[in-house]
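Notes for the one structure printed next.
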Protein chains: 10
Amino acid sequence: MNKSQMREAILAAKQSKGMSWEAIGEATGMSPVFICSACLGENSLLADQAEKLCGVLGLPGEVGAALQVYPEKGQRYQEMLSDPLVYRLNEVVMVYGETLKEVIQEKFGDGIMSAIDFTMEVDKVEDPKGDRVVLTLNGKFLPYKRW
Amino acid sequence: MNKSQMREAILAAKQSKGMSWEAIGEATGMSPVFICSACLGENSLLADQAEKLCGVLGLPGEVGAALQVYPEKGQRYQEMLSDPLVYRLNEVVMVYGETLKEVIQEKFGDGIMSAIDFTMEVDKVEDPKGDRVVLTLNGKFLPYKRW
Amino acid sequence: MNKSQMREAILAAKQSKGMSWEAIGEATGMSPVFICSACLGENSLLADQAEKLCGVLGLPGEVGAALQVYPEKGQRYQEMLSDPLVYRLNEVVMVYGETLKEVIQEKFGDGIMSAIDFTMEVDKVEDPKGDRVVLTLNGKFLPYKRW
Amino acid sequence: MNKSQMREAILAAKQSKGMSWEAIGEATGMSPVFICSACLGENSLLADQAEKLCGVLGLPGEVGAALQVYPEKGQRYQEMLSDPLVYRLNEVVMVYGETLKEVIQEKFGDGIMSAIDFTMEVDKVEDPKGDRVVLTLNGKFLPYKRW
Amino acid sequence: MNKSQMREAILAAKQSKGMSWEAIGEATGMSPVFICSACLGENSLLADQAEKLCGVLGLPGEVGAALQVYPEKGQRYQEMLSDPLVYRLNEVVMVYGETLKEVIQEKFGDGIMSAIDFTMEVDKVEDPKGDRVVLTLNGKFLPYKRW
Amino acid sequence: MNKSQMREAILAAKQSKGMSWEAIGEATGMSPVFICSACLGENSLLADQAEKLCGVLGLPGEVGAALQVYPEKGQRYQEMLSDPLVYRLNEVVMVYGETLKEVIQEKFGDGIMSAIDFTMEVDKVEDPKGDRVVLTLNGKFLPYKRW
Amino acid sequence: MNKSQMREAILAAKQSKGMSWEAIGEATGMSPVFICSACLGENSLLADQAEKLCGVLGLPGEVGAALQVYPEKGQRYQEMLSDPLVYRLNEVVMVYGETLKEVIQEKFGDGIMSAIDFTMEVDKVEDPKGDRVVLTLNGKFLPYKRW
Amino acid sequence: MNKSQMREAILAAKQSKGMSWEAIGEATGMSPVFICSACLGENSLLADQAEKLCGVLGLPGEVGAALQVYPEKGQRYQEMLSDPLVYRLNEVVMVYGETLKEVIQEKFGDGIMSAIDFTMEVDKVEDPKGDRVVLTLNGKFLPYKRW
Amino acid sequence: MNKSQMREAILAAKQSKGMSWEAIGEATGMSPVFICSACLGENSLLADQAEKLCGVLGLPGEVGAALQVYPEKGQRYQEMLSDPLVYRLNEVVMVYGETLKEVIQEKFGDGIMSAIDFTMEVDKVEDPKGDRVVLTLNGKFLPYKRW
Amino acid sequence: MNKSQMREAILAAKQSKGMSWEAIGEATGMSPVFICSACLGENSLLADQAEKLCGVLGLPGEVGAALQVYPEKGQRYQEMLSDPLVYRLNEVVMVYGETLKEVIQEKFGDGIMSAIDFTMEVDKVEDPKGDRVVLTLNGKFLPYKRW
């Protein structure tokens, strides 16, 4: 069972159980963003995490095995880029990428925000003028080594 | 004076004054991220904001006029993409773009997070295992119109 | 049933019923442009809208379920771009994109015309020198936030 | 004087006169969209139109000569595409291009909407929930010749 | 039956009948270039034209129906571009595109040669130093509208 | 004097003399299309042809020398491709490229139409329904060698 | 049987017969390079050549028919370009393309080396410091027509 | 003096001396192809070779120094690719790349023809049916290491 | 059996045997990096090497035959480039490519590091601050030939 | 003084002093690879490192200031990629990228080799069959966070 078949199996089980990513996150003790990314095939799970997820969604062991395979990440990016929701995220990097370089490096020195030692959360903030999406990205600062 | 000349003038003044974006933000009553993006030429300022900034950095009126011009955004993206700091931000969209679509649309319905009615902050969280960069993106949810 | 199978099912039913998009729009109380875009897989319908459409075209419930799935938009753009009808629309943006930025922002300030809070209509204006296609695009103006 | 120098001269004169495209359009008896596109270098003017524009803005004859030169159109498209206002227009073609092909050809037969025998207007519709931008594109339908 | 299946069916019938495009053109009263383009899926036929073609080649009604569908044009261009015969045509545009703009617009004014209201013929001119291919492209001149 | 400076010099002289390409062609005994392409820098002239052209336009010997340099052809293609007049020519290759391969190779065998041993003419055919541009491309057929 | 199936059939027969391209070339009276290119689908054969090849490799008539079809050339180039052997050939053009233009046109005048009226051979030259590959490309010089 | 200035100086001296690459090669004891490539900036010379060339063309020492700098190769490839002479060479790789892989690796085993330990010559073969360009590429075969 | 089927067969056998690349390398007397690359389809094996591998993993002879086929290398590069592990390797070339050219050519003269006469090893160096990956690339220096 | 001017100043001083990167590294107590990358503009130096380098090469303070600026990395990659030395490094990633993912992740788990907490050395290993270039890349392993 490859990542693509695994993904179909999980999405089908999720829909028939009527569970949200929020609920799946809670039931497995993981963040909804992370568990969703693993189910879509963009992260791998440890054996016990995979087992717990399969228990929650009633999925067979081969799905759990596929969840532990180390993925090739970012395969669907080009395809997703035409979608307005994903493009807006990309636009933030287009418009503010240099700004973030200025502000982060001023605060931390020459280096980067890790996208590996990294977590992300999505929150909904209700607002009478229109609810707001709040994304919190949290990555370790890695200074460039000089040698 | 075009945006590129404006930008050089501001960065030179900022360096000679020895002011950080944080300090400039405080002195002008704006967010450091926003004021930085306007100085780099990615956002425009209102007349009084431009005047305040010129006052803080001791810059002539033509800089203030250039700050009010509506910019063509995102012009430096392709050039910045080879830089590791900017690429890591892009990688977050590559790896998590579809996940964010799943999680945001499950919480809010079919629509997008605006990159126009949008704010962003950068924070430094100290950590003995290595300080962390925390980015907070806050955008209005816009549902797709059906007509 | 994915969006692509849904689309084939709808186009086949539409052809065998001999109904135009105009007629389908009227029968479902929606705009022909919008209902067509949803049937091609570029927009999602609400449950009652999907049901109404399936009723009009005599389609089973799984088509209605597929119509409610939030689509990944713009997937066929690169493929369509070689077609003269679509290229001409693109050419309008190529030739007049900067003009529209000038004129819209002069009238409204720094911001954009939303493509989300957005409607579009197609009209035929008869003319002895050759009938004319009239497209009316109507999008909410969104001012850039300054923060 | 080439198109690029012409453009700079006109934009500078426009700014020092404090005239809007609307006002320039009225003073020259042309549409603000068209006259703006000619000033940006995307359309040419007839001799009398060029003369009238130079009169209104107090510009010398070499600007008028440059306005009559037939331009190479669309040169700034790739550069403008990163700008959110222009991208949203492009997104409309990405998301609705196939829909427009369906609806236009159903109404008119196999053919295209001309981008040459073509006019466009921009209107502002005030709305308490947020003003709206209305674009009206009007192009002659050209049927494919069969021979 | 989609355009691709239609095409296969026609090419197979043409080969088994041993008919040239010239002969098919003559038998159907259409130009060999046009009828060939319709059979390859780049143009649509009217009902009676489709019927006549199916009669000539002994093809069933579903081929005739597919011939009347409005095609998405230009889908095979990128694939064909590596072929020397097609590349040479492209090279003519590469080398002479600007020349044709100069000469056509000098003769006709600011505008284009239509590729929609357009016909083309291929002739063979025998020559002892090597036969020559003569292509005649005939398109309506469309002047840019000024408004 | 390089090709780009040569080109500017010739276009300026042509404009001040008020001569059309047609007239220049006649005065030099060459085709207007060919002489125009050489002046734009896409073909080279023989010494006597260069001399004749310089005589007609009153240009110094260094222009004549530059005209004899063998050019790097096709340098402006990507830039010209956004122009509607040039794009329409390209569209003809996009839509009809495969058709021309079918029809030419059926008449001549496996090979190509040369773009080197090649001439082209532009004619204006007056028509009450709109004048027509007629392009005649004439290239030697080159059969593929089998060895 | 299309070119791709033809190719598989020939490569399988070649392998089971244990024949080299050299041997096949000799047995059919053609160059190993040419016959190999025809078998891979990049050139067509005349009827008697195809028959001879099928005889040598014990292949049925439909392979012979496929060998006579005029191919769309160059379809596998992008795919082959990552292979070091093919990239090195490309690198020769990258590094020496302009040099060859200089040297060839100095010897022959303004024109090209034909890739149509063209032959190529591969030789192995033994050398104690490492054997050498010798490629001999032989193409007719075609002078640009001036008209 | 950078490579680009060096190149201009050499080409100017070569033209004023009226020497061909053939003559320059003979006078310096190097191949015309190699010396031309070094003068265009695609190869470096040893000190004595550079000195000899400068002697032959009457060029100052800084040209000789620039000739010894190790170049960044292939910088003009994209620009040259639109030129028919260079494209034909590229086409040979497009059409025959896979064939050459088959034939070379059959003769030599798994490996490549070096483009570094490599020489090339251009010859003119007179022929009443049209002179022929003969290119001889000679590269060391390098077998892939297995370890 | 093509390379892709071979690869699937080997990866499945490797997983069911529970062997690491390290163990497979040891059992076959080859480097883990090399044997892994051959199994993924990026290198070929000699007959006895292929046989040994099949023996170790219990695979049939057709896998061994497929391992001896000379591969088309680098086919999966574009696909792998979105993966962070592979991108970081690419980034090293992006950031340090010119540096390596400077340092290598200063030490060795004008030439390259061969990627053909080349070996590579991966080592794990334990470190309390985080284990380190050490890659050792070892390639023959090839000086550019001057002729 | 920007990075590009800084780079020119350093390379000129290095040449006139006749110092190698090895000697500069030794004199400043840094690795030749690192110091070279900083001088080319791909890394920044700390104040005392910059001062030391300027002392060694006799450069003014503004060069030292420019060396401390945080660079936009990778800007010359596309330009360098046509150079054979740089392409060979890229080819290693093309051919072995997936292999390295397999072998590294088998040894370390799901994660990456850092290109930030990273060092690299170049060594020359003399060999009678041809000297060898040995590159040692040493990067911290970063495991993907699961949250």
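Residue numbering restarts at 1 for every chain, and letters A, B, ... go by the order of the sequence lines. Predicted model, so just to flag it, every value in this text is computed and none were measured.
Of the listed residues (H:Ala115, H:Cys36, H:Pro32), the one with the most heavy-atom contacts under 4.5 Å to chain G is H:Cys36. Counting heavy-atom pairs closer than 4.5 Å to chain G, the top-ranked of the candidates H:Gly74, H:Ser20, H:Pro143, H:Gly139 is H:Gly139. Your options are G:Asp117, G:Ile116, G:Val125, and the one with the most heavy-atom pairs under 4.5 Å with chain H is G:Asp117. In terms of heavy-atom pairs under 4.5 Å with chain G, the best-connected choice from H:Phe108, H:Phe141, H:Tyr96, H:Tyr144 is H:Phe108. With chain G as partner, the option from H:Val33, H:Val95, H:Val86 having the largest number of non-hydrogen pairs under 4.5 angstrom is H:Val95. The candidate from G:Asn90, G:Thr119, G:Asp123 with the greatest count of non-hydrogen atom pairs under 4.5 Å with chain H is G:Asn90. Among H:Glu91, H:Met80, H:Glu79, the residue making the largest number of heavy-atom pairs under 4.5 Å with chain G is H:Met80.
Side chain of G:Glu106 to main chain of H:Trp21: a donor-acceptor pair is present (N/O by atom type, distance under 3.5 Å, no hydrogens or angles). Judged by distance alone, with hydrogens and angles left aside, the side-chain atoms of G:Arg132 form a donor-acceptor pair with the main-chain N or O of H:Asn138 at under 3.5 Å. A donor-acceptor distance shorter than 3.5 angstrom exists from the side chain of H:Lys124 to the backbone of G:Lys107, with no hydrogens or angles considered.
One finds the CG atom of H:Asn43 at 8.0 Å from the OG1 atom of G:Thr99 (value rounded to the nearest 0.5 Å). Rounding to the nearest 0.5 Å places CE of G:Met94 at 9.5 Å from CG of H:Leu81. Within the model, atoms CG of H:Leu85 and CD of G:Gln105 stand 5.0 Å from one another, a figure rounded to the nearest 0.5 Å. Atom NZ of G:Lys140 is separated from atom NZ of H:Lys129 by 8.0 Å, given to the nearest 0.5 angstrom. Taking OG of G:Ser37 as the start and CD of H:Glu98 as the end, the distance is 10.5 Å to the nearest 0.5 Å. Going from atom CD of H:Glu102 over to atom CG of G:Leu40 covers 5.5 Å, rounded to the nearest 0.5 Å.
Contacts of G:Gln75 with chain H are absent, with no heavy-atom separation under 4.5 Å from either backbone or side chain. Contacts between H:Glu42 and chain G at a heavy-atom distance below 4.5 Å involve backbone atoms as well as side-chain atoms. Heavy-atom distances place no part of H:Glu121 under 4.5 Å from chain G, backbone and side chain included. At a 4.5 Å heavy-atom cutoff, the contact between H:Arg88 and chain G is made by backbone and side-chain atoms alike. For chain H, no part of G:Asp127 is nearby; none of its heavy atoms comes within less than 4.5 Å.
With H:Val133 as the fixed residue, the side chain to side chain contact (heavy atoms under 4.5 Å, CB included) test singles out one of G:Leu142, G:Ile104, G:Leu137: G:Ile104.
Considering only heavy atoms from C-beta on, H:Tyr87 stays 4.5 Å or farther from G:Ile112 through its side chain.
Residue G:Gln5 places its CD atom among more than 12 non-hydrogen atoms of other residues, nucleotides or ligands, all under 6.0 Å distant. Other residues, nucleotides and ligands contribute more than 12 heavy atoms inside 6.0 Å of the CD atom of H:Gln68.
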Walk me through it: do G:Leu89 and H:Leu100 pass the test side-chain contact (heavy atoms from CB on, under 4.5 Å)? CA-CA 9 Å; G:Leu89 298 167; H:Leu100 290 170; 3.6 Å; yes
Show the numbers, then the answer: is there a side-chain contact (heavy atoms from CB on, under 4.5 Å) between H:Leu135 and G:Thr136? CA-CA 6 Å; H:Leu135 306 183; G:Thr136 311; over 6 Å; no
